[in-house]
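One structure is given below, encoded as structure tokens.
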Protein chains: 2
Amino acid sequence: MTLEQGRIALDGASPTPLYLQLAESLRGMIRGGAVRVGEALPSERELSAMTSISRVTVRKAIDALLREGLLSRRPGSGTYVAIRIEQPASVLAGFSADMQSRGARPGSVWLEQRVDAPNAEEAAALNCAPGAAVVRMSRVRTADGEPLAIERAVVPATLLPPVGDIGDSLYEALNRRGNRPVRGVQRLQSSLATPQEAQLLDIPVGAAILRIERRSFLANGAPVELTRSAYRGDRYDFVTEVREAAYGG
Amino acid sequence: MTLEQGRIALDGASPTPLYLQLAESLRGMIRGGAVRVGEALPSERELSAMTSISRVTVRKAIDALLREGLLSRRPGSGTYVAIRIEQPASVLAGFSADMQSRGARPGSVWLEQRVDAPNAEEAAALNCAPGAAVVRMSRVRTADGEPLAIERAVVPATLLPPVGDIGDSLYEALNRRGNRPVRGVQRLQSSLATPQEAQLLDIPVGAAILRIERRSFLANGAPVELTRSAYRGDRYDFVTEVREAAYGG
DNA sequence: AAGTGGTCTAGACCACCTC
DNA sequence: AGGTGGTCTAGACCACTTG
């Protein structure tokens with residue numbers, strides 16, 4: 001047995017279910033290195049004895065960590081710390097939240113921020129009149145100070161605070177106005193860096209670029225943004241979870 | 001109660017666990033319209049009584065359908081058939097189905113197909129013993145006769161028909177054995193074509209390549225495949241839908 | 001042969017919503 | 001107040017791998 005019982009602190013009186021408390025403890029130990037990658041966890045029966053909670057509940061905690069990709073089970077053998085810890089961040093998040101969930105510090109260098117009229121494609125995508133006002137935002141997005149992506153967003157002006165109050169996180173600004181997108185469609189494409197992109201991202205012309213076009217929508221279906229981004233191919237990967245087609249569809 | 005007991009056929013002697021049998025029955029009823037969208041399922045205690053299986057096991061079946069997005073639970077109220085979700089191309093489909101949905105004719109040129117032992121990474125990803133048998137499949141995938149991608153799949157041999165009977169669609173072969181993946185995690189990366197890839201895909205060295213690594217899983221969580229693909233960047237884009245974080249587990 | 005995860009049962013109590 | 005899902009227990013048997 002590799003773990004010391006003292007490290008697992010569970011509170012039966014807490015409103016947090018025991019299995020989530022145990023999952024959190026195990027998560028902390030794995031991240032902290034108390035159990036190394038590839039090593040086995042104590043068996044379910046051992047964990048049950050160590051923590052005085054039933055094996056069914058121990059399994060429920062392990063189930064949660066399995067879905068996070070932190071652990072892997074081998075029947076008849078044991079439960080192991082997964083080799084690759086990948087963060088399935090297929091939830092709808094802006095650049096800032098995405099970077100924070102990856103453990104990097106997000107930043108921005110503004111290229112353009114102004115109110116403008118939409119072109120035909122933008123008006124169609126945002127479902128707004130050709131004469132309506134949109135906010136056009138172009139930035140170099142950085143992670144820990146290094147350029148990672150070029151992001152060009154177009155948003156109906158009515159959904160945002162005044163241009164001066166938008167700050168560095170578009171999604172945060174939308175949230176302040178109660179206009180949080182709940183659904184989005186993204187299109188990903190592999191491409192090569194143009195000379196302009198190469199200069200802004202500090203990479204060679206012709207380097208790999210991951211282009212992402214995102215359209216997102218409010219709960220009532222109204223379009224929120226049309227954003228086109230160009231990510232450095234060598235520094236960024238996109239993780240998504242897919243499920244079986246629900247039905248009919 | 002909307003369901004008739006007669007519709008749920010469970011076989012205690014079957015090697016398939018009861019909770020998966022029940023999940024399949026419920027899935028069929030929902031797809032067949034026996035319970036309409038927005039309607040409540042019989043309560044867990046009712047299902048338990050109807051099927052003579054314990055409530056814990058009934059919950060486990062419902063858990064699986066929740067993860068597929070087919071059902072939604074409301075504490076204190078009931079379990080409901082989820083509102084129909086608009087499905088983009090981010091559903092879990094193999095190359096053949098993906099191409100057909102895009103209106104192209106899928107094809108294959110085999111590079112390799114054999115039973116082998118997994119390497120360390122594959123054994124970890126597939127949760128199988130180092131000495132287990134896996135089927136290794138490498139193909140150039142074509143759309144309307146044009147090379148579009150190089151696909152290298154590794155699947156536990158136990159999940160597949162004999163190697164000679166696999167045919168050209170991996171997912172179809174898995175389905176024949178009842179091993180349909182219901183969930184997958186994909187990692188996408190932009191990259192450049194290596195000389196070997198360039199030759200196989202008939203593109204210049206250094207052209208844009210979209211690399212996709214997919215791990216997919218059965219309803220019971222068992223890993224099905226580890227597949228690495230290299231798509232022509234100029235011919236393929238990947239569309240995915242993102243939602244606000246919803247289901248908690 | 002011993003240990004492991006995989007499955008299953010028959011109960012129980014709680015917080016919440018309203019069938 | 002009665003029903004619902006949410007949680008939890010203390011056992012049990014199985015198939016499998018091999019600490």
Legend entry - Stepwise salt bridge (charged side-chain N to carboxylate O under 4.0 Å, His left out) check, E121(B) with R228(B): CA-CA 13 Å; E121(B) 183 195 14; R228(B) 295 206 168 92; 2.6 Å; yes
Rounded to whole Å, how long is the line connecting atom [atom1] of [X] with atom [atom2] of [N]?
X: L10(B); N: dC8(C); atom1: CG; atom2: C1'; result: 13 Å
X: L71(A); N: dG5(C); atom1: CG; atom2: C1'; result: 13 Å
X: R59(B); N: dG11(C); atom1: CZ; atom2: P; result: 18 Å
X: E44(A); N: dT7(C); atom1: CD; atom2: C1'; result: 11 Å
X: D63(A); N: dT7(C); atom1: CG; atom2: C1'; result: 12 Å
X: E46(A); N: dA2(C); atom1: CD; atom2: C1'; result: 13 Å
X: K60(A); N: dG5(C); atom1: NZ; atom2: C1'; result: 18 Å
X: L66(B); N: dG5(D); atom1: CG; atom2: C1'; result: 11 Å

Legend entry - Minimum-distance nucleotide (side-chain atoms of I53(B) versus dT9(C), dC8(D), dG5(C)):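 Within the option list, the nearest is dT9(C).
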Below 4.0 angstrom from OP1 or OP2 of [N], is there any side-chain N or O of [X]?
X: T57(B); N: dT7(C); answer: no
X: S54(A); N: dG11(D); answer: no
X: S43(B); N: dC19(C); answer: no

Inset, instruction - Let me know, please, whether G78(A) or V56(A) comes out on the 5' side of the other along DNA chain C by nearest nucleotide. - result: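 By nearest-heavy-atom nucleotide position, the 5'-most residue is G78(A).
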Legend entry - Within residues 16-23 of chain B, residues whose heavy atoms come under 4.0 Å of DNA chain C: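 Only P17(B), L18(B), Y19(B) qualify.
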Is the closest side-chain donor-acceptor distance between [X] and [Y] under 3.5 Å?
X: R214(B); Y: T227(B); value: no
X: S216(A); Y: E225(A); value: yes
X: Y171(B); Y: N179(B); value: no

Legend entry - R73(B): side-chain contact (heavy atoms from CB on, under 4.5 Å) partners, not counting sequence neighbours: E44(B), R59(B), I62(B), D63(B), L66(B), T79(B)
Inset, instruction - Answer yes when R139(B) and E112(B) have at least one side-chain N-carboxylate O distance shorter than 4.0 Å, and no when they do not. - result: no
Legend entry - Pair E172(B)-R180(B), salt bridge (charged side-chain N to carboxylate O under 4.0 Å, His left out): steps then yes or no: CA-CA 9 Å; E172(B) 204 273 316; R180(B) 191 177 32 148; over 6 Å; no
Inset, instruction - Hey, which sits more toward the 5' end of DNA chain D by its nearest nucleotide, Y80(A) or T79(B)? - result: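 Here T79(B) is the residue nearer the 5' end.
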Legend entry - Any donor-acceptor N/O pair, D144(A) side chain to R105(A) backbone, under 3.5 Å: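 Side chain of D144(A) to backbone of R105(A), a donor-acceptor pair under 3.5 Å: yes, one is there.
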N/O contacts under 3.5 Å, protein versus nucleotides 12-17 of chain C?
unit_1, atom_1, unit_2, atom_2, d
dA12(C), N6, R55(B), NH1, 3.4

Legend entry - Distance (rounded to the nearest 0.5 Å) between F238(B) CZ and I212(A) CD1: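 Between F238(B) CZ and I212(A) CD1, I get 11.0 Å after rounding to 0.5 Å.
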